[in-house]
Amino acid sequence: RLWPLRLMWHWRMAQWVELLNAPELSSVHLLSTNAWRKLDFHETMQIPNDGRAYAMVIRNNGQILWGSDDAFKEHLQEKAMVHVVNQECEYRIEEADRLLESKRRALLEEGDKKKEDAS
């Protein structure tokens, strides 16, 4: 690739790193690699490989919930991104509640079984 584009990319990545170093963003991760070119990353993700930077909100299971490129227009797309992030927060709370409830139910059943065995 062209060196000026590469320099611009490094400058942009430094800006993102600075922005994401805030303590309240501890679960936000930034990935950058040139190895994806060898692994046909763009073709696998079915996104154009035209030199743009991409931002995505990805669930732990790999599902892409929201995506944009470096042509992101904050005033136009901010509502959609906030909506997706809020939905993901609600999903994670519901998932945690579901997991805690199933664990609580298993512990209660185990306690009932011990009472029956003691009788």
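Because the structure is a prediction, the values reported are computed rather than measured.
Contacts of Arg98 classified as side-chain contact (heavy atoms from CB on, under 4.5 Å), with partners at least two apart in sequence or in another chain: Glu95. Among residues two or more places apart in sequence or in another chain, the side chain to side chain donor-acceptor pair (under 3.5 Å) test is passed with Glu101 by Arg104.
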Side chains of residues 105-113: which donor-acceptor pairs under 3.5 Å do they make with residues two or more places apart or in other chains?
none

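Between atom CD of residue Glu90 and atom CZ of residue Arg92 there is a gap of 13.0 Å, rounded to the nearest 0.5 Å. With rounding to the nearest 0.5 angstrom, the CD1 atom of Ile93 is 10.5 Å from the CD atom of Glu88.
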